[in-house]
There are 2 protein chains.
Amino acid sequence: MADMTPEAASALLRGAGIPVTRQRVQIACAFLGAPAHLTAEQLVARMREQAPGLARATVYNTLGLFVAHGLVREIIVDGGSVIYDSNTAPHFHYYDSRSGELGDLPAEALRVSGMPQLPPHLELEAVDVIVRVRSRG
Amino acid sequence: MADMTPEAASALLRGAGIPVTRQRVQIACAFLGAPAHLTAEQLVARMREQAPGLARATVYNTLGLFVAHGLVREIIVDGGSVIYDSNTAPHFHYYDSRSGELGDLPAEALRVSGMPQLPPHLELEAVDVIVRVRSRG
DNA sequence: TTCCATGCAAAGGGTTTGCACTCTC
DNA sequence: GAGAGTGCAAACCCTTTGCATGGAA
């Protein structure tokens with residue numbers, strides 16, 4: 001868990017245009033220090049240890065803010081819960097439906113080409129690729 | 001809503017190795033007749049009209065069965081709910097996060113190449129591509 | 001000081017479960 | 001007749017909401 005220093009976290013938030021508060025700094029320190037895949041609930045649990053006063057709703061709000069400002073990405077693999085990815089570099093994911101394990105695929109691993117014409121009122125936002133795998137057995 | 005005949009639905013179920021029951025035939029008739037994107041709840045609502053006796057849990061169970069036997073596909077776009085796709089031909093999807101609209105992209109519209117090496121204990125199941133768009137405004 | 005952010009608890013939506021009854025094979 | 005499938009309602013999980021307090025600028 002390479003946590004980020006509070007100073008670095010504050011700078012990061014400011015740079016992203018997010019008003020700095022203590023809780024946001026705490027969450028950034030715990031989550032943005034190194035690439036990680038975490039559900040909101042997992043992050044709530046982690047924050048309970050590191051910052052017991054922090055409320056569940058604040059974690060959810062803050063994650064939403066981070067997504068809106070491009071500090072983290074949402075990965076949606078199974079309807080049940082959203083996974084947040086602190087690695088914002090372009091890359092793809094594989095997901096093992098048997099174990100629930102989620103992993104990274106480097107951007108070079110596969111290429112998506114031939115982006116189709118979109119109806120003129122639609123604007124491209126992102127292309128999510130999930131490689132679904134299953135552990136043999 | 002090009003519903004399927006009960007006879008065709010029974011044959012389809014049998015062909016997929018799914019034991020035939022009246023409810024499964026009803027659901028197949030209502031959903032598998034033509035390509036459609038429906039959430040479980042939407043299908044529950046539709047079944048309430050066509051077959052009032054049918055329980056919510058039965059719809060969920062049956063959709064799970066259909067997925068396991070390849071009769072429909074799950075599309076996961078927003079964490080909140082799973083969308084079921086009765087079109088099992090290879091194709092991709094676009095999703096408008098603003099309106100919630102989900103649409104098809106033909107398989108030829110884009111190409112995914114360079115499938116990466118997977119760790120040896122993992123078996124490829126599917127590659128899901130979701131093109132996220134946003135209506136301008 | 002002014003407003004936005006936070007904490008808390010409870011509501012909400014979608015999905016799954018437990019158990020008795022019913023039907024298919 | 002044996003077993004799986006079904007209906008019903010309640011439980012469950014993740015997420016969001018409402019409102020009063022507290023903190024940042």
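So you know, we letter chains A, B, ... as the sequences are listed, proteins then strands, and number each from 1.
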Asker: Identify whether any heavy atom of B:Gln23 sits under 4.0 Å from a base atom; if not, whether one sits that close to sugar-phosphate; answer base, sugar-phosphate or nothing.
Answerer: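 Sugar-phosphate, no base atom in range.
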Asker: Between B:Leu38 (CG) and C:dG14 (P), how many Å, whole number?
Answerer: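 One finds 13 Å between P of C:dG14 and CG of B:Leu38, rounded.
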Asker: Give every residue pair that meets the side chain to side chain donor-acceptor pair (under 3.5 Å) criterion with at least one member in residues 54-66 of chain A, sequence neighbours excluded.
Answerer: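 Pairs touching residues 54-66 of chain A that pass the test: A:Glu41-A:Arg56, A:Glu41-A:Tyr60.
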Asker: According to the interplanar angle, ranging from 0 to 90°, do the rings of B:His93 and B:His37 count as parallel (below 30°), tilted (30 to 60°) or perpendicular (above 60°)?
Answerer: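 Correct class here is perpendicular.
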Asker: Show me the protein contacts with nucleotides 21-25 of chain C, counting only N or O atoms at under 3.5 Å.
Answerer:
| unit_1 | atom_1 | unit_2 | atom_2 | d |
| --- | --- | --- | --- | --- |
| C:dT24 | O3' | B:Val20 | O | 3.2 |
| C:dC25 | OP1 | B:Val20 | O | 3.3 |

Asker: Does anyone know the first and last nucleotide of DNA chain D in reach of chain A, 5' to 3', at under 4.0 angstrom to a heavy atom?
Answerer: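 Boundary nucleotides touching chain A, in 5' to 3' order, are D:dC14 to D:dA25.
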Asker: Measuring from B:Ile27:CD1 to B:Arg46:CZ, what's the distance to the nearest 0.5 Å?
Answerer: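 One gets 12.0 Å once the value is rounded to the nearest 0.5 Å.
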Asker: What distance separates A:Leu110 CG from B:Arg111 CZ, expressed to the nearest 0.5 Å?
Answerer: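 The CZ atom of B:Arg111 is 14.0 Å from CG of A:Leu110, to the nearest 0.5 Å.
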Asker: Using a cut-off of 4.0 Å on non-hydrogen atoms, how would the nucleic acid contact of B:Gly53 be classed: base, sugar-phosphate, or nothing?
Answerer: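 Sugar-phosphate contact only - B:Gly53 comes under 4.0 Å of backbone atoms but never of a base.
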Asker: Rounded to the nearest 0.5 Å, what's the gap from CZ on A:Phe92 to CG on A:Asp128? Could you check?
Answerer: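 Between atom CZ of A:Phe92 and atom CG of A:Asp128 there are 9.0 Å.
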Asker: Please pick, from C:dA5, C:dT17, C:dG7, the nucleotide with the shortest atom-to-atom distance to any side-chain atom of A:Arg24.
Answerer: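 Among the listed nucleotides, the one closest to the side chain of A:Arg24 is C:dA5.
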Asker: In Å and rounded to the nearest 0.5 Å, what is the CZ to CZ distance from A:Phe66 to A:Phe31?
Answerer: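 Rounded to the nearest 0.5 Å, the CZ-CZ separation comes out at 9.0 Å.
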Asker: Separation of B:Glu74 atom CD from C:dG14 atom C1', in whole Å?
Answerer: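 B:Glu74 atom CD is separated from C:dG14 atom C1' by 13 Å.
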Asker: Assuming nearest nucleotide by heavy-atom distance, tell me which of B:Val59 and A:Tyr60 is located more 5' along DNA chain D.
Answerer: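 Comparing both residues, the 5'-ward one is B:Val59.
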Asker: Looking only at heavy atoms, which two atoms of A:Ser86 and A:Leu32 are closest? And how far apart?
Answerer: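 That closest heavy-atom pairing would be CB-CD2, 4.1 Å.
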Asker: Checking all strands, does A:Arg56 fall into the base, sugar-phosphate, or nothing category for heavy-atom contacts under 4.0 angstrom?
Answerer: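 Base, at least one base atom sits under 4.0 Å.
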Asker: Nearest 0.5 angstrom please: A:Glu125 CD to B:Tyr95 OH, how far?
Answerer: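 One gets 10.5 Å once the value is rounded to the nearest 0.5 Å.
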